[in-house]
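Presented below is the structure to which this report refers.
No hydrogens, no waters, no symmetry mates; every other heavy atom, side chains included, goes into these values. Chain naming here is simple, since letters A, B, ... match the order of the sequence lines and numbering starts at 1 in each. Note that the coordinates shown come from a computational prediction; the quantities given were computed from them, not determined experimentally.
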2 protein chains.
Amino acid sequence: MIVLDYRDKRPIYEQVVEKLEHLIVCGALEANTKMPSVRSLALDLSVNPNTIQRAYAQLEQDGYLYTVVGRGNYVTSEQEWKSGKIEQLMTEVREALTKAHDIGVPKEDIWNAVSEIYAETTP
Amino acid sequence: MIVLDYRDKRPIYEQVVEKLEHLIVCGALEANTKMPSVRSLALDLSVNPNTIQRAYAQLEQDGYLYTVVGRGNYVTSEQEWKSGKIEQLMTEVREALTKAHDIGVPKEDIWNAVSEIYAETTP
DNA sequence: CAAGTGTATTAAGACTATTAATACGCTTGC
DNA sequence: GCAAGCGTATTAATAGTCTTAATACACTTG
């Protein structure tokens, strides 16, 4: 299902999260797909089950999976994980804007930045 | 000049940075004021000179101090450190906006957030 | 040239993060 | 109901990083 890169300095669970998140976002894993069990994926990748458990916990936290104890982990619908991600991003935006406002960046500068980023090449 | 809090779990150099930055931002230390030397402040706080050196390096990086080798560290003008900080904040804003744009947050939602944060209570 | 300044290098210690070992509790199907 | 599968919790070993210190070097000035 996925391949680990041992030259990568990041922890294993993070690599697993990244790769699975990518598969979900790209649509390779449809909603309600049953994920491989913690043990089987651990065996597959030759790592400890806890490592996979941690990755799955992260993915659940981020809204990409939901867990049913005793049954397994399943992919959430796009609608669900997307709304979670948007909420998270809007918080980031608000925090950045607040700090900019506090130090006295004028509204126009913000608006210009928004315009640049939202400038559609094909209107 | 400053007092350390040993219950604070953060590293010493970070506390020093925070407190000095605060003094500069609040205007307690005027532009071109000579800072205490690395050694004297270290002696004062009973820490290693390298710890103060690291704090000063951070403050220089952030644009609050400038260094003259063999002479000492001096406070930069408000104009200078403010423009540095604004640049940094605008980068943060742009990054957040780009991510929001990429996932499909509509322009209006951004504009609403900007309006809320820039809503002046005394127009 | 001596006393003051900032700087670079190296190493020791503390602390955190990652991973593993192991045992537990829940769900399902026979 | 019980065995085989699942996710979960606890604890510990290990690796790695971060912080701080020790020490020696280089520059400026009176």
Only pairs under 3.5 Å count here: list side-chain donor-acceptor contacts from residues 100-112 of chain A, not counting sequence neighbours, and write none if there are none.
unit_1	atom_1	unit_2	atom_2	d
A:N112	ND2	A:E108	O	3.4

Could you pull out all residues at least two apart from [X] that satisfy side-chain contact (heavy atoms from CB on, under 4.5 Å)?
| X | result |
| --- | --- |
| B:R10 | B:D8, B:E14, B:Q15, B:E18 |
| B:R71 | B:V68, B:Y74 |
| B:T91 | B:E95 |
| B:N48 | B:N50, B:T51 |

(message) Reading DNA chain C in the 5' to 3' direction, which nucleotide is the first one with an atom under 4.0 Å from a heavy atom of chain B, and which is the last?
(response)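 So the contact region on DNA chain C extends C:dG4 to C:dT9.
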
(message) Tell me which residues in residues 66-74 of chain A lie within less than 4.0 Å of DNA chain C, going by non-hydrogen atoms.
(response)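 Result for residues 66-74 of chain A: A:V69, A:G70, A:R71, sorted by number.
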
(request) With a 4.0 Å heavy-atom cut-off, tell me which residues in residues 39-59 of chain B come close to DNA chain C, sorted by residue number. (result)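 Of all residues in residues 39-59 of chain B, the ones placing a heavy atom under 4.0 Å from DNA chain C are B:R39, B:N50, B:Q53.
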
Over all heavy atoms of both residues, which pair between [X] and [Y] is shortest? Give the atoms and the distance, please.
| X | Y | result |
| --- | --- | --- |
| B:P36 | B:L41 | CB-CB, 4.2 Å |
| A:V16 | A:A55 | CG1-CB, 3.7 Å |
| A:T76 | A:G63 | OG1-O, 2.8 Å |

(request) Please collect all salt bridge (charged side-chain N to carboxylate O under 4.0 Å, His left out) contacts where either partner lies in residues 82-93 of chain B, sequence neighbours excluded, each pair once. (result)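 Residue pairs with at least one partner in residues 82-93 of chain B: A:K99-B:E92, B:E21-B:K85, B:E78-B:K82.
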
(request) Mind running a 4.0 Å heavy-atom check of residues 13-24 of chain B against DNA chain D and sending the residues that fall below it, in number order? (result)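 Correct list: B:Y13.
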
(request) Compare side-chain N and O positions of A:S37 against OP1 and OP2 of D:dC6 and report whether any pair is under 4.0 Å apart. (result)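 Result: yes.
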
(message) Which residues pass the ring pair (Phe, Tyr, Trp, His ring centres under 6.0 Å) test with B:H22, not counting sequence neighbours?
(response)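 With sequence neighbours excluded, B:H22 shows a ring pair (Phe, Tyr, Trp, His ring centres under 6.0 Å) to no residue whatsoever.
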
(request) Would you please name every residue forming a ring pair (Phe, Tyr, Trp, His ring centres under 6.0 Å) with A:Y64, sequence neighbours left out? (result)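 Listed in chain order: A:W81.
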
(message) Can you confirm whether A:L20 sits close enough to A:Y56 that some side-chain heavy atom of one is under 4.5 Å from a side-chain heavy atom of the other?
(response)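 A:L20 reaches A:Y56 side chain to side chain.
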
